[in-house]
Amino acid sequence: MPELPEVEVAARNLARWAVGRRVRAARAEAGAKRILRPGSPAALRGLAGARVSGVRRVGKNLMLTLDGRSGPIGVWSHLGMTGKWLRRGASDPAPRFSRVELDLDDGSHLHYADMRLFGRFRLVPRAKFDDVAELAALGRDPLNDGIDVPGLGTRLARLKLPIKVAIMDQRILPGVGNIQASEALFRAGIDPRRPAKSLKPAEVRALARGVMTSIRYTLRQFGKTGADGGRTDIEYVEEAGERANPFLVYGRAGAPCPGGKHRAKRTGTGTVTRIVQAGRATFFCAACQH
DNA sequence: ACCCGTGTTCGCTG
DNA sequence: TCAGCGAACACGGG
């Protein structure tokens, strides 16, 4: 379930698991062709012998840097809809839907698993990530760099499209996806249907706060121990078992508005509504988002 | 069987 | 040229 918070968890996990380690072997499952494009499974052999030197995240993108025999090698990893990075012991079976596997020199195996194959695993020559068009187009990362509120206001002021759709544009707020967009607008008390250009400066400030608060809140949820207990690794929410939906409005159509400190205006009458914008579900409370 | 899905891209239309 | 849609991708779950 990768938006910025989940990808941040993946980045922290990968840093802990892999930085400083050498890759013994790398391989891809036959069905991984789509994820590797325009590369090939055979090209992964170029990773053998390389040492992982760093992991970075911008928005929903992971960038691994490795030191190979003939210079730096980059890996651009995007989790798509269903991608995740998992760690297994030397003799453990591969997880379901494992598409790419990296064997490290401590005996561990890192798996990129992705049921729906919407993700990416692309080698970047000489680790020149700026040469990748998809990465060069990204704006500044909210969590790493903070939000430039006046800059955000300027961008939004040119756009007629609904604010919910605008903030999911990765050039504007990298890492914000369908959940974080609904959650941030709820926290800010802004109606997701409003044209982006209609937001006043105070509302842009509230939105920026809502985005940051929602991202940090979601990140805390992922840090919690899973329902199987005893695990110290950071886990994805969905792997925590029976835990309830942690979000304020996302996935809560028909529920009473959660209100409290999150509600911008205390009407006390709201119900969470589901609408569709640009083909994606949006959840909001019409009574307190204006 | 039908609908839905935490992402992105492509093609069509006005 | 561009904003705005819908479809497509691929697969499982409710």
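The sequence lines fix the lettering, A, B, ..., with proteins before strands; numbering per chain opens at 1. Reckoned from all heavy atoms, side chains included, excluding hydrogens, waters and symmetry mates.
When the P atom is used for both B/dT8 and C/dG12, the distance is 22 Å, rounded to whole Å. With both ends at atom P, the span from C/dG6 to B/dC3 equals 16 Å, rounded to whole Å. Spacing of C1' atoms, B/dG5 relative to C/dG4, comes out at 22 Å, to the nearest Å.
As judged by a 4.0 angstrom heavy-atom cut-off over every strand, A/Gly279 is placed among residues making no nucleic acid contact. Here A/Leu161 lies in heavy-atom contact (under 4.0 Å) with sugar-phosphate atoms only. Using a 4.0 Å heavy-atom distance criterion, A/Arg37 is classed as making no nucleic acid contact. Residue-level contact check: A/Ala278 touches neither bases nor backbone, having no heavy atom under 4.0 Å from any strand. The residue A/Glu134 sits close only to the backbone: its heavy atoms come under 4.0 Å of sugar-phosphate atoms, none of a base.
For A/Phe97 and C/dA10, the CZ to C1' distance is 10 Å, given to the nearest whole Å. Per the geometry, CD1 belonging to A/Ile163 stands 13 Å off P belonging to C/dG4, to the nearest Å. Taking atom CG of residue A/Asp169 and atom P of nucleotide C/dC2, one finds them 14 Å apart after rounding to whole Å. Going from atom CZ of A/Arg171 over to atom P of B/dG7 covers 16 Å, rounded to whole Å. One interatomic measurement links the two molecules: CG of A/Asp114 to P of C/dG12, which rounds to 12 Å at whole-angstrom precision. If you take CE of A/Met168 and P of B/dT9, they are 13 Å apart, rounded to a whole angstrom. Put simply, CE on A/Met81 is 16 Å from P on C/dA7, counting in whole angstrom units. Distance A/Arg280 CZ to C/dA8 C1': 14 Å, rounded to the nearest Å.
Evaluation of atom-type donor-acceptor distances gives a pair under 3.5 Å for the side chain of A/Arg116 against the base of B/dG5.
Nearer the 5' end of DNA chain B, as judged by each residue's closest nucleotide, is the contact made by A/Arg274, out of A/Arg274 and A/Arg120. For A/Leu159 and A/Met115, each mapped to the nucleotide of DNA chain C holding its nearest heavy atom, the one lying further toward the 5' end belongs to A/Leu159.
A donor-acceptor contact shorter than 3.5 Å links the side chain of A/Arg194 to the backbone of A/His290. Although no hydrogens or angles enter the test, the distance criterion places no donor-acceptor pair under 3.5 Å between the side chain of A/Arg22 and the main chain of A/Arg51. Side-chain atoms of A/Ser182 do not come within 3.5 Å of backbone N or O of A/Tyr250 as any donor-acceptor pair. Listed for the A/Arg252 side chain is a donor-acceptor partner under 3.5 Å among the backbone atoms of A/Phe247.
The aromatic ring of A/Phe118 is not stacked on the base of C/dA10, since the criterion of ring centres less than 5.5 Å apart with planes inclined by under 30° is not met.
Distances were taken from every side-chain heavy atom of A/Arg96 (C-beta onward) to each of C/dG12, B/dG5, B/dG7; the shortest belongs to C/dG12. Distances from the side chain of A/Lys160 to the nucleotides C/dG4, C/dC11, B/dT8 place C/dG4 closest.
Nucleotide C/dA10 is matched to nothing when pairs are restricted to Watson-Crick or G-U wobble geometry with both distances under 3.5 angstrom.
Remark: A/His78 is not in phosphate contact with B/dG7, judged by side-chain N or O atoms under 4.0 Å from OP1 or OP2.
Enclosure of atom CZ in A/Arg37 by more than 12 non-hydrogen atoms of other residues, nucleotides or ligands within 6.0 angstrom is indicated.
A salt bridge links A/Arg87 with A/Asp106: the distance from a Lys NZ or Arg NE/NH1/NH2 to an Asp or Glu carboxylate oxygen falls below 4.0 Å.
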